[in-house]
Amino acid sequence: MREEHWINHSTAGDLLDRQLKSWPLAQQNYQALRQVRTKSFELGSFSIRIQFNPARIQSSGAKTDQRSIEERPCFLCPGNLPKEQEQLSAGPRHLLLCNPYPIFPEHFTLPTCQHQPQRILPLFTDFLELSRSLAPFTLFYNGPKCGASAPDHAHFQAITPGILPLEQEVRHLIGTPGQSHKAIDGISTEEGLFLLTGNWRPGFVIRSASTRVATSLFQAVYDRLPVEPGEDEPRMNLFAAYEKGSWILTLIPRKLHRPWQYAAEGDERLLSSPGAADVGGLFITPLEKDFQRITPELLQDVFGQVCFSDQEVTEIFVHLSLL
């Protein structure tokens, strides 16, 4: 694929500037983002930030069951986009759109041009290439049962780098000697697979300058993760950053789509459908009552339900065979 086919960070920024001038909904929600309330919990070696963001109720409360999906038009298909929403070609198979319901100061959606299910393997090379071409933006992928509000249409998201607490955790991990790490024979010891634990959202970190190696390492982890009955891929949230000539990929395996509190009634209900932002350490609450009641204990309970345990990811890591 020729490099000039891929969009870049500067072009994306220009798109956002234009949309903030031409699209009242986007302008309103990005302005409102500056006023969102946040609070943080420092939890030893990691932190979690809570964001009260009323505009995100459309995503957090999205109905993603098969019947609801079939009864609504796909809001990521080019023919169904709002007339104000400008679309740019981001590569051979993707568009770049300004996300009108932002969590971050710069927030884009990258749907495929053609309607196809949310699956990572067929588009993993695109995920790598888009993260490189859009650097320094962070890209992420929500699995169909892991926060994707459009599980019927494949898409990634690109966001302002450095905001997710997970990014700092990962950089500390790969920069600290003695961490659990599987290196690849014949390749720099700085590359390979790292084990991420001790943060309530454990997972795996891949660092590589090679598309081939990054893909092989991802496939190795992917193949060891369980697939739920009736589903086509392991549940996961996936993050990508490209810096200094290397990819840093973070894979957080998931158990559940939503915690039991999502369907609870009365005071126990919590409108939380954790996606990549949430497991990335920016926990989104579209309702003020939820923002006020969130405690470290409640967060630990939610992540304990939807994510794997340290022991479970360690067991997978120990038994992985690489390349």
Side-chain angles (χ1 to χ4, degrees), residues 1-3 5-9 12 90-94 96 104 106 108 110 119-143 154-176 179-196 201-225 233-234 236-253 276-277 279-281 313 317 320 322-323:
M1 298 174 190
R2 297 170 58 193
E3 188 69 28
H5 285 321
W6 301 91
I7 204 163
N8 60 45
H9 173 271
R93 284 170 291 277
H94 287 81
L96 182 78
F104 307 90
E106 299 157 298
F108 303 91
L110 292 139
R119 304 288 184 270
I120 187 59
L121 275 189
L123 298 170
F124 185 73
T125 299
D126 287 8
F127 188 63
L128 295 179
E129 290 296 340
L130 286 166
S131 66
R132 175 162 58 182
S133 66
L134 284 168
F137 285 138
T138 296
L139 258 67
F140 65 73
Y141 167 82
N142 285 320
H155 64 284
F156 308 131
Q157 295 183 57
I159 62 170
T160 310
I163 291 181
L164 290 176
L166 182 66
E167 295 177 85
Q168 284 71 50
E169 296 171 38
V170 167
R171 280 162 179 76
H172 181 265
L173 172 74
I174 63 179
T176 303
Q179 298 296 324
S180 297
H181 170 220
K182 292 194 175 192
I184 308 302
D185 291 342
I187 297 178
S188 165
T189 56
E190 294 182 353
E191 300 186 55
L193 181 70
F194 297 79
L195 178 64
L196 176 68
R201 306 105 61 217
F204 309 91
V205 177
I206 294 167
R207 186 181 192 182
S208 178
S210 162
T211 301
R212 180 186 67 83
V213 172
T215 302
S216 295
L217 291 174
F218 175 76
Q219 185 77 58
V221 177
Y222 182 102
D223 288 343
R224 293 288 303 190
L225 296 176
E233 70 176 21
M236 72 180 76
N237 298 109
L238 182 65
F239 305 81
Y242 187 81
E243 55 187 47
K244 298 179 181 179
S246 294
W247 282 281
I248 300 173
L249 304 171
T250 306
L251 190 163
I252 308 297
V279 301
V313 296
F317 180 82
L320 277 173
L322 304 184
L323 300 181

Could you state the interatomic distance from [atom1] ([X]) to [atom2] ([Y]), rounded to the nearest 0.5 Å?
X: R93; Y: T125; atom1: CZ; atom2: OG1; result: 8.0 Å
X: E191; Y: I174; atom1: CD; atom2: CD1; result: 11.0 Å
X: L96; Y: L110; atom1: CG; atom2: CG; result: 5.0 Å
X: H155; Y: L123; atom1: NE2; atom2: CG; result: 11.5 Å
X: M236; Y: F218; atom1: CE; atom2: CZ; result: 4.5 Å
X: L193; Y: L249; atom1: CG; atom2: CG; result: 10.5 Å

- Sort out for me which residue in L173, V313, L320 forms a side-chain contact (heavy atoms from CB on, under 4.5 Å) with L195.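 Of L173, V313, L320, side-chain contact (heavy atoms from CB on, under 4.5 Å) with L195 is met by V313 alone.
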Can you name the closest pair of heavy atoms from [X] and [Y] and give their distance?
X: F140; Y: F104; result: CE2-CE1, 4.3 Å
X: Y141; Y: E233; result: OH-OE2, 2.5 Å
X: A276; Y: N142; result: N-OD1, 2.7 Å
X: H9; Y: L134; result: CB-O, 3.8 Å
X: G281; Y: P165; result: O-CG, 3.4 Å
X: A240; Y: S131; result: CB-CB, 3.8 Å

Does the [X] side chain pair with the main chain of [Y], one donor and one acceptor, at a distance under 3.5 Å?
X: S133; Y: I7; value: yes
X: E106; Y: T160; value: no
X: W247; Y: L128; value: yes

Close side-chain approach of [X] to [Y], heavy-atom, < 4.5 Å:
X: W6; Y: D126; result: yes
X: F239; Y: V170; result: no
X: I252; Y: L196; result: yes

- Task: Would you check, one step at a time, whether the test side chain to side chain contact (heavy atoms under 4.5 Å, CB included) holds for I248 with V205?
- Result: CA-CA 7 Å; I248 300 173; V205 177; 4.0 Å; yes
- F124 and Y222 aromatic centres sub-6.0 Å: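 No, the ring centres sit 6.0 Å or more apart.
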- Do the rings of H94 and F156 sit parallel, tilted or perpendicular, given the 30° and 60° boundaries?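 If you compare the ring of H94 with that of F156, the planes turn out parallel.
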